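Following: one structure in structure tokens, then a few remarks.
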Amino acid sequence: MLIIAQGEEINSYPELADQMFRLRARAFSDRRGWRVKVEEGRERDYFDDLGPLYFCLTENDHLLASLRLLPSTGPHMLSDVFPEVMGDTGIVRHPLIWESSRFCVDTEAARTFSADGINVVTRSILTGLFVTAREVGLVNIISVYDVFVERILRRAGCAFDRLGPVVSYDDLNTVGGLFEVSDTVIHQLKSVGSHCAARSLAS
Amino acid sequence: MFTKCPMSQFMSNRTEATTAKEIQELFDDFCEAFELSYLTYYAVDAPMIKGGTYLITNYPESWKRHYFENGYQKIDPVLSFARNRLTPLDWHDLPPLKGPAEVFFSDARLHGLGSFGMTVPIRGQFGELALVSVNAETSPPEWVERWRGAIPDYTFFAYLLHMQVLRSIGTSDKPIPQLTRQEAEVMRWAVRGKSAWDTARLMGLTERTVHFYVRNICAKLEVATKTQAVARVVREHLIPL
């Protein structure tokens, strides 16, 4: 199931929120070695205080993947934390271009779910993201991630462009990506999914 | 930028309106042009504005008086609900009203407000939130039809309005927009009449990235369309051509 919550709505799902902050601590601090602040096994930052739009993909109340979306007109990571990865693009301020961040998949849970689990989970949460983005009228999504995420996104059937150079932060190769929000993209994500004989999660 | 953008175009043609009187006229003209009853701009949590809030509206004087005399800002369901949102809010999607808020909309109608409303929250770079609302009296099918495919235009309009209000109250001056090297190159080709497809080939970019640059340029120049962006760049000599 895909749960979408914005602002204070996330407080209606205390257990899910807790799972999300724990998954983020495991994915970003433990596994990828990002220097993020972890307290009591939970990773939270300043941008979580801004009431982002959260996307949480669950199966039987267990969180499989999550991400958050913030409008580029307000404070966001590419303007406030990683402006270098935007290269010549500069800082983006547009009410219909939002930033996705803290995308993470519980890889172990995804693998037990199916052999192709990581792809299925990635595709499911991205489909939910792009369908919702389309509904609220967004035209692009931008994001900063480490380069290995590009491979996951590509395999999931997601088309994107690099916006700037690969920049190293703490030995971590980071890049800015541009995604288009359109029916074509949504169709693509769904049709790649149907080629893989895996069951779809998003409903 | 979108298939149709009449509201954003209206706004980008009115950038000279900066005094309180001119902005009030702009609100009335907007409502007349788009067959709406009222337009309201309400900035909250605005650290750069004294008192943190700023209101502009063409609601009837009697409703404004009634609203503030009764401390309705504490129970206003649109305000309390949209304040925690990032996405557009059709007033019909508000959760069921309880307690003192129950009478809010019937009270509003007594003062001449319509039964339909749409609010777009715009988050600004100082963390402020600008709530831009329109109100109308119409029928449910017409209301649904009016917004079909029109939300992006309304959202962009709300953003342009927010930027203009910030300038009018002096929290930001009108700086000469600074285009990046890439944006300037996109505009040089646009001035020469090149399409996004041509520009993508010429610059070694994808068409997707070129469209994205054009959108950023429009937001920076506070215009609705590529054509208006070209006109502004040429008129104000914003880049060496």
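Only a predicted model underlies this, so the values are computations on that prediction, with no experimental measurement involved. Quick note on labels: first sequence line is chain A, next is B, and so on, each numbered from 1.
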When heavy-atom pairs shorter than 4.5 Å are enumerated against chain B, which of A/Ala159, A/Ser79, A/Pro52 gives the highest number? A/Ala159

Residue from A/Glu180, A/Glu9, A/Glu135, A/Arg93 scoring the most non-hydrogen pairs under 4.5 Å with chain B is A/Arg93

Heavy-atom proximity to chain B below 4.5 Å, by part of A/Thr132: neither

Report the option among B/Thr155, B/Ile122, B/Val120 that has the most heavy-atom pairs separated by less than 4.5 Å from atoms of chain A. B/Thr155

Name the orientation class of the two ring planes belonging to B/Tyr154 and B/Trp147 (parallel below 30°, tilted from 30 to 60°, perpendicular beyond 60°). tilted

More than 12 heavy atoms of other groups within 6.0 Å of B/Gln73 CD: yes

Have B/Thr180 and A/Asp88 got a donor and an acceptor in their side chains that come within less than 3.5 Å? no

With chain B, the option among A/Thr89, A/Leu50, A/Leu53 that has the most non-hydrogen atom pairs under 4.5 Å is A/Thr89

Flag the one option from B/Arg123, B/Glu183, B/His211, B/Arg85 with the top tally of heavy-atom pairs under 4.5 Å to chain A. B/Arg123

Mutual orientation of the aromatic rings belonging to B/Phe116 and B/His92 [parallel < 30°, tilted 30-60°, perpendicular > 60°]: perpendicular

Selection from B/Gln182, B/Gln125, B/Glu128, B/Arg83 maximising heavy-atom pairs under 4.5 Å formed with chain A: B/Gln125

Quick one, B/Phe157 with B/Phe10, criterion ring pair (Phe, Tyr, Trp, His ring centres under 6.0 Å). Give me CA distance, side-chain angles, the key distance, then yes/no. CA-CA 8 Å; B/Phe157 158 80; B/Phe10 172 94; 7.1 Å; no

Enter the distance from B/Leu39:CG to B/Phe27:CZ here, rounded to the nearest 0.5 Å. 4.5 Å

Of the listed A/Gly74, A/Gly137, A/Gly90, the one with the largest count of heavy-atom pairs under 4.5 Å with chain B is A/Gly74

Interface check, chain A: of B/Leu205, B/Ile151, B/Leu129, B/Thr206, most non-hydrogen pairs under 4.5 Å belong to B/Thr206

Is it the case that the side chains of A/Ser168 and A/Asn173 hold a donor-acceptor pair, with the cut-off being a distance below 3.5 Å and no angle test? yes

Contacting moiety of A/Pro95, where chain B heavy atoms sit under 4.5 Å: both

Do the ring planes of B/Phe104 and B/Tyr72 sit parallel (below 30°), tilted (30 to 60°) or perpendicular (above 60°)? tilted

Tell me, for A/Leu69 versus chain B, whether the close heavy atoms (under 4.5 Å) come from the side chain, the backbone, both or neither. backbone

Find the one option among A/Ile142, A/Asp80, A/Leu163 whose heavy-atom pairs under 4.5 Å with chain B are most numerous. A/Leu163

